[in-house]
Amino acid sequence: MSKGILVTFEGVEGSGKSTHCERICAYLEKKGFEVVHVHEPGGTRIGQQVRNILLSGENEEMVDRTELFLFMASRSQIVGELIRPALNAGKVVVCDRYIDSTVTYQGYGRGIDEKFIKVLNKFAVGEVVPDLTIVLDVETPIGLKRAKKRLSGEKPDRIEKLKLSFHQRIREGYLALARAEPGRVRIVDVDRDIKKTERAVKKCVDRFLQKRKPMKEK
Ligand code: Z5A
């Protein structure tokens, strides 16, 4: 049984996951927790190579099932190499995207059977499921606009290039997940004011920590 806590951040492109993962890590460290911040796909040497294959604009011919297995490959590596050991050592792991990204992108987005994705997720991560998942919810066009702005001149990757309707299905997928698992999946509305979103994320994490029994601190 793991002694740590796994918190995952999810949302459409440009919803602010990277920004708010960083801020919540700093907040938790200040509170005395040992925190490990990782992101998917990638996060390990092998995972980074898989990420490059997955996102490269040169790999347009990739079929949906190949994409699905590559995300799973990157995931099982990061779980085995980083996440499980950190949880076993009693740390808080904050992960930018995890199992729910595959349900939304490859399930709601690409149309692959959700039940099959969940079976593969279980195979890839075993017992390492999130204790808390924060979905940063923003209207899809706003998120995409922010992501585009951040790219400033860089070419969009293979998945960023997909049509607005694809990204809209992802948002619907996250909202459906939150309805299905309200105990684990919490929606935080992304406000135009970053500070306001930050406060809402902290409140969500604090509530979770209060309900949970005390864990090892630094
Ligand atoms: N993918 C998949 O298909 N299946 C899977 O199983 C997994 C992933 C794990 C990974 O891309 C791609 O892989 C992703 C899903 C797919 N593709 N898409 N689309 P990635 O890792 O390169 O990027 P990302 O995960 O999509 O995130 P991102 O584009 O880096 O965005 P973000 O992290 O959510 O946002 P951000 O960089 O923190 O913020 C964006 C900008 O908005 C930035 O300038 C901020 O200052 C600004 N911002 C943030 N918060 C606010 C608020 N509250 N107000 C205003 N502005 C804000």
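Counting convention: from 1, in listed order, for ligands and their atoms alike.
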Undergrad: Identify, for atom 35 (O) of ligand 1, the protein heavy atom at the shortest distance, and state residue, atom and that distance.
TA: G16 N, 3.1 Å

Undergrad: Is a donor on one side and an acceptor on the other found under 3.5 Å between the side chain of R97 and the backbone of G11?
TA: yes

Undergrad: Among side-chain atoms of T133 and R184, is any donor-acceptor pair under 3.5 angstrom?
TA: yes

Undergrad: Among protein heavy atoms, which sits nearest to atom 51 (C) of ligand 1, and what does the distance come to when rounded to 0.1 Å?
TA: I194 CG1, 3.3 Å

Undergrad: Tell me, which protein residue and heavy-atom name are nearest atom 25 (O) of ligand 1, and how many Å apart are they?
TA: R97 NE, 2.6 Å

Undergrad: Hey, is V190 touching ligand 1 through its side chain, its backbone, both or neither, going by heavy atoms under 4.0 Å?
TA: side chain

Undergrad: Hey, is the main chain of M72 close enough, under 3.5 Å, to the side chain of S76 for a donor-acceptor pair?
TA: yes

Undergrad: Tell me whether L177 shares a hydrophobic cluster with F116, the cluster being built from Ile, Leu, Val, Met, Phe, Trp, Tyr side chains joined at under 4.5 Å.
TA: yes

Undergrad: May I ask whether G11 has any heavy atom positioned less than 4.0 angstrom from an atom of ligand 1?
TA: no

Undergrad: Going hydrophobic residue to hydrophobic residue with side-chain gaps under 4.5 angstrom, can you get from V50 over to M62?
TA: yes

Undergrad: With clusters defined by side-chain heavy atoms of hydrophobic residues (ILVMFWY) lying less than 4.5 Å apart, directly or transitively, does F71 cluster with F69?
TA: yes

Undergrad: If you measure from each non-hydrogen atom of T197 to ligand 1, which part falls under 4.0 Å: side chain, backbone, both or neither?
TA: side chain

Undergrad: Is it the case that the side chain of D137 and the backbone of D189 share a donor-acceptor pair, with hydrogens and angles ignored and the cut-off at 3.5 Å?
TA: no

Undergrad: Among the heavy atoms of H167, does any lie under 4.0 Å from an atom of ligand 1?
TA: yes

Undergrad: Would you mind finding which of E198, E13, R146 brings a heavy atom closest to atom 26 (O) of ligand 1?
TA: E13

Undergrad: Which one holds for Q106 and ligand 1: side chain close, backbone close, both close, or neither close, with close meaning a heavy atom under 4.0 Å?
TA: side chain

Undergrad: Among the clusters formed by ILVMFWY side chains lying less than 4.5 Å apart, do V185 and V94 turn up in the same one?
TA: yes

Undergrad: Could you check which of K161, E67, R51 puts a non-hydrogen atom nearest to atom 22 (O) of ligand 1?
TA: R51

Undergrad: Please write down residue, atom name and distance for the protein heavy atom closest to atom 33 (O) of ligand 1.
TA: S18 OG, 2.4 Å

Undergrad: Any luck finding a side-chain donor-acceptor pair between R192 and T197 under 3.5 Å?
TA: no

Undergrad: Just checking E58: does its CD atom have more than 12 heavy atoms from other residues, nucleotides or ligands closer to it than 6.0 angstrom?
TA: no

Undergrad: Please check this pair: side chain of S15 against backbone of V12, looking for a donor-acceptor N/O pair closer than 3.5 Å.
TA: yes

Undergrad: How close does the nearest protein non-hydrogen atom get to atom 5 (C) of ligand 1, and which residue and atom is it?
TA: F71 CD2, 3.4 Å

Undergrad: Just heavy atoms, cut-off under 4.0 Å: does K17 contact ligand 1 by side chain, backbone, both, or neither?
TA: both

Undergrad: Tell me whether D96 has any N or O atom under 3.5 angstrom from an N or O of ligand 1.
TA: no

Undergrad: Using a 4.0 Å heavy-atom threshold (strictly under), name the region of D191 that reaches ligand 1: side chain, backbone, both or neither.
TA: backbone

Undergrad: Minimum distance, heavy atoms only, to atom 11 (O) of ligand 1: which one of I99, L55, V12, I159 is it?
TA: L55

Undergrad: Using a strict cut-off of less than 4.0 Å between a Lys/Arg side-chain nitrogen and an Asp/Glu carboxylate oxygen, indicate whether E60 and R158 qualify as a salt bridge.
TA: no

Undergrad: Does P41 reach ligand 1 with a nitrogen or oxygen that is under 3.5 Å from one of the ligand's nitrogen or oxygen atoms?
TA: no

Undergrad: Can you check whether T19 has an N/O within less than 3.5 Å of an N/O in ligand 1?
TA: yes

Undergrad: Can you tell me if R169 and Y105 form a side-chain donor-acceptor pair at under 3.5 Å?
TA: no

Undergrad: Any luck finding a side-chain donor-acceptor pair between E10 and Y98 under 3.5 Å?
TA: no

Undergrad: Tell me which one of R110, H20, R158, R75 gets a heavy atom nearest to atom 9 (C) of ligand 1.
TA: R75

Undergrad: Considering both backbone and side-chain atoms of S15, is one of its nitrogen or oxygen atoms within less than 3.5 Å of a nitrogen or oxygen in ligand 1?
TA: yes

Undergrad: What's the shortest distance from atom 30 (O) of ligand 1 to any protein heavy atom, and which residue and atom give it?
TA: R150 NH1, 2.7 Å

Undergrad: With a cut-off of 4.0 Å, which atoms of ligand 1 are near a heavy atom of R192?
TA: 54 (N), 55 (C)

Undergrad: Identify the protein heavy atom lying closest to atom 31 (O) of ligand 1, giving its residue, its atom name and the separation to 0.1 Å.
TA: G14 N, 3.2 Å

Undergrad: Identify the closest protein heavy atom to atom 6 (O) of ligand 1: which residue and atom is it, and at what distance?
TA: T102 OG1, 2.7 Å

